[in-house]
Amino acid sequence: MNKLYGIIFCAICVIPCWLLGNMFPIIGAPIIAILSGMIIAIFVKDKGIFATGIKYTSKKILQLAVIFLGFGLNLMTILETGKQSLPIIVATILTSLGVAYIVYKLFKVDSEVSILVGVGSSICGGSAIAATAPVIKADDRGIAQAMSIVFFFNVVAALVFPTMGEMIGFDTTSGEAFGIFAGTAVNDTSSVTATASTWDSMWGLGSATLDKAVIVKLTRTLAIIPIVVGLSIYRQKKEQKVALKNTQQLGDETAIAKEKINILKLLPTFIILFILASVVTTVVASFGIAETTFAPAKIMSKYMIAMAMFAIGLETDIVHLIKTGGKPLMLGAFCWVSITAVCILMQKLMGLL
């Protein structure tokens with residue numbers, strides 16, 4: 001019952017954040033929610049009867065949001081129309097994760113923040129961070145910092161990319177090339193939509209760019225699955241080494257090598273349910289039922305993410321976040337620039353630009 005108070009509190013408080021997010025899609029409800037939570041936290045230290053529910057919302061509701069995200073992902077449609085952009089998506093993901101790792105090592109950036117920024121930059125912003133955070137057991141501070149950084153470069157991309165698109169050489173008579181670029185080089189769905197829609201408006205392309213960008217963005221979303229598996233393996237290996245060290249067996253390389261990965265723990269329950277939700281959508285669509293049937297589930301997913309971000313904001317010290325944000329912001333900049341450069345290079349190599 002104690003949890004319910006905090007959950008209801010977050011659900012109600014996030015309503016104005018949701019409405020503002022719809023009015024200003026380039027920013028989006030999750031960022032407005034997390035900033036609102038941080039501001040409230042400055043003045044309200046004791047959460048009282050809401051504390052348990054706020055903590056629950058920041059963890060479990062966030063996972064539930066990822067499950068609902070699976071509804072509306074038609075795997076067949078994505079595989080059929082998104083395969084053209086697949087080499088670019090793979091290249092940018094590997095680049096972002098590689099850059100995040102190098103910057104983490106060189107500049108001693110917090111490991112959790114490095115992973116979250118790398119994944120959020122390369123896959124799908126807030127949704128990827130939401131899916132990854134529970135797997136690496138990231139704290140609220142790390143999630144808040146990663147979300148803020150990814151958001152910042154989303155806004156920069158949405159403002160800059162349409163303006164620089166013609167200078168780079170994107171075709172202004174077709175939305176295909178810029179649609180692939182927007183869907184790959186911009187992170188969050190709202191910012192992808194804003195960037196692609198701006199290009200459509202600038203050159204009178206209807207919704208051609210937006211349609212392409214959305215498909216590419218959905219294809220990127222599926223990358224959550226292999227990333228989560230990889231991070232689960234990494235985490236299990238790390239935990240095994242810690243366990244061996246605690247039992248004074250760390251020096252026994254053979255013992256480390258013989259440690260087995262627990263297959264059942266590779267995919268957290270919420271990721272399995274996310275996959276099942278995608279399968280359900282695909283099967284239902286194969287019977288001719290419109291994918292818009294799942295629109296309420298997708299809206300619910302976005303609302304739950306906003307709720308979770310508000311709860312995380314309530315648990316975050318914004319002053320400390322700003323003081324320690326220099327290196328993570330630099331990390332985000334390196335990831336963003338490298339993704340943009342690789343995306344343009346890949347399109348040139350593939351003859352799309």
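On a predicted model such as this, the values are computed, not experimentally measured, just so you know.
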Undergrad: Does this structure show an ion pair linking D110 with R141, if we count only N-O contacts that are shorter than 4.0 Å?
TA: yes
Undergrad: Can you find a heavy atom in the side chain of W199 that is under 4.5 Å from one in the side chain of L205?
TA: yes
Undergrad: S111 versus Y104: any side-chain heavy-atom pair under 4.5 Å?
TA: yes
Undergrad: Hey, what do you get for OG (S36) to CE (M309), rounding to the nearest 0.5 Å?
TA: 13.0 Å
Undergrad: Taking atom types as modelled, find out whether E176 and Q84 have a side-chain donor-acceptor pair closer than 3.5 angstrom.
TA: yes
Undergrad: Which pairs count as salt bridge (Lys or Arg N to Asp or Glu O under 4.0 Å) when at least one residue sits in residues 14-37, sequence neighbours excluded?
TA: none
Undergrad: Can you list every pair that meets salt bridge (Lys or Arg N to Asp or Glu O under 4.0 Å) and has a residue in residues 48-61, with sequence neighbours left out?
TA: K55-E315, K59-D140
Undergrad: Distance check, rounded to the nearest 0.5 Å: L352 atom CG versus F170 atom CZ?
TA: 9.5 Å
Undergrad: Can you tell me if D200 uses its side chain to pair, donor with acceptor, with the backbone of T209 under 3.5 Å?
TA: yes
Undergrad: Would the number of heavy atoms belonging to other residues, nucleotides or ligands and lying under 6.0 Å from CZ of F334 be above 12?
TA: no
Undergrad: From L353 CG over to M346 CE, what is the distance, rounded to the nearest 0.5 angstrom?
TA: 12.5 Å
Undergrad: If you define the side chain from C-beta out and look only at heavy atoms, does anything of W18 sit under 4.5 Å from K302?
TA: yes
Undergrad: From L345 CG over to T95 OG1, what is the distance, rounded to the nearest 0.5 angstrom?
TA: 9.0 Å
Undergrad: Are F50 and Y5 close enough that their ring centres sit under 6.0 Å apart?
TA: no
Undergrad: Side chains of T281 and N74: do they bring a donor and an acceptor to under 3.5 Å?
TA: no
Undergrad: Which distance, rounded to the nearest 0.5 Å, do you find between the CD1 of I215 and the CG of L210?
TA: 10.5 Å
Undergrad: To the closest 0.5 Å, what do you measure between CG (L106) and CE (M330)?
TA: 8.5 Å
Undergrad: Any donor-acceptor pair under 3.5 Å linking the side chain of R220 with the backbone of I89?
TA: no
